[in-house]
Amino acid sequence: ATVVQLQVVRAPHFYLTSIIGVLIMLSSLSFVVFQMPVEPLDSRLNVILTLLLTEIAFKFIIAESIPKVGYSTLMDAFVVTNLVFLAM
């Protein structure tokens with residue numbers, strides 16, 4: 001009997017630069033709100049809601065490029081954590 005062993009390794013570079021990097025950038029943009037004047041609340045809410053909707057749209061876009069598995073991955077936890085961070 002012939003035994004063939006293959007070692008398959010997923011290269012994380014694509015996910016780190018294309019997905020996690022963009023999410024970190026979107027989350028860091030939320031700190032702009034702290035530099036805005038306090039009184040006109042509507043402009044601050046517009047920035048946060050725009051970032052939140054952008055991240056939700058990005059989540060739908062990246063759903064096509066990540067592998068589909070039956071369990072939550074570390075990247076899923078990272079995306080949800082970013083959504084919670086923006087919602088606060």
Side-chain angles (χ1 to χ4, degrees):
T2 304
V3 176
V4 177
Q5 291 183 347
L6 295 175
Q7 182 178 359
V8 178
V9 178
R10 183 175 294 159
H13 181 71
F14 168 76
Y15 299 106
L16 290 175
T17 58
S18 299
I19 297 173
I20 294 178
V22 172
L23 290 176
I24 289 173
M25 183 188 68
L26 285 173
S27 294
S28 64
L29 282 174
S30 68
F31 290 110
V32 169
V33 172
F34 295 114
Q35 299 299 321
M36 297 175 80
V38 175
E39 191 54 38
L41 185 62
D42 59 343
S43 61
R44 293 171 60 192
L45 283 175
N46 282 338
V47 170
I48 289 297
L49 289 176
T50 302
L51 288 171
L52 190 61
L53 289 174
T54 303
E55 189 159 337
I56 290 171
F58 186 69
K59 181 173 174 19
F60 282 118
I61 291 171
I62 64 172
E64 299 172 359
S65 65
I66 57 175
K68 305 215 180 343
V69 293
Y71 53 89
S72 293
T73 62
L74 188 59
M75 187 174 311
D76 294 329
F78 183 76
V79 169
V80 169
T81 303
N82 273 327
L83 285 171
V84 169
F85 176 75
L86 282 176
M88 293 179 125

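In this chain, numbering begins with 1 at the start of the sequence shown.
A search for side-chain contact (heavy atoms from CB on, under 4.5 Å) contacts involving Ser18 returns Phe14, not counting sequence neighbours. Scanning for side-chain contact (heavy atoms from CB on, under 4.5 Å) contacts around Leu45 gives Leu41, with sequence neighbours left out.
A distance of 4.5 Å separates CG of Leu86 from OG of Ser27, quoted to the nearest 0.5 Å. With values rounded to the nearest 0.5 angstrom, Thr54 atom OG1 is found 10.5 Å from Leu49 atom CG. Atom CG in Asn82 sits 12.0 Å away from atom CD1 in Ile56 (nearest 0.5 Å).
Residues in residues 40-65 take part in no ring pair (Phe, Tyr, Trp, His ring centres under 6.0 Å) pair, two or more places apart or across chains. Residue pairs meeting the ring pair (Phe, Tyr, Trp, His ring centres under 6.0 Å) criterion with at least one member in residues 67-88, sequence neighbours excluded, are Phe31-Phe85. Applying the side-chain hydrogen bond (donor to acceptor under 3.5 Å, both in side chains) test to every pair with at least one member in residues 36-52, sequence neighbours left out, gives no pairs at all.
Note on Leu23 and Ile61: separate hydrophobic clusters, where clusters join Ile, Leu, Val, Met, Phe, Trp and Tyr whose side-chain heavy atoms are under 4.5 Å apart, directly or indirectly. Note: the hydrophobic cluster containing Ile24 also contains Met75 (ILVMFWY, side chain heavy atoms under 4.5 Å, direct or indirect links). Both Leu26 and Met36 belong to a single network of hydrophobic side chains, linked directly or stepwise wherever heavy atoms of I, L, V, M, F, W or Y lie under 4.5 Å apart.
Side-chain N or O atoms of Asp76 include one that pairs as donor or acceptor with a backbone N or O of Thr73 at under 3.5 Å.
Across Leu52 and Ala87, no two heavy atoms sit closer than the pair CD1-N, 4.4 Å.
Residues near Leu53 contribute nothing to a hydrophobic cluster around it, because no ILVMFWY side-chain heavy atom sits closer than 4.5 Å to its side chain.
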Report task. Report the C-alpha separation of Ile19 and Ile66 in whole Å, then their side-chain angles, then the decisive distance to 0.1 Å, and conclude whether the side chain to side chain contact (heavy atoms under 4.5 Å, CB included) test is met. Result -> CA-CA 10 Å; Ile19 297 173; Ile66 57 175; 3.7 Å; yes

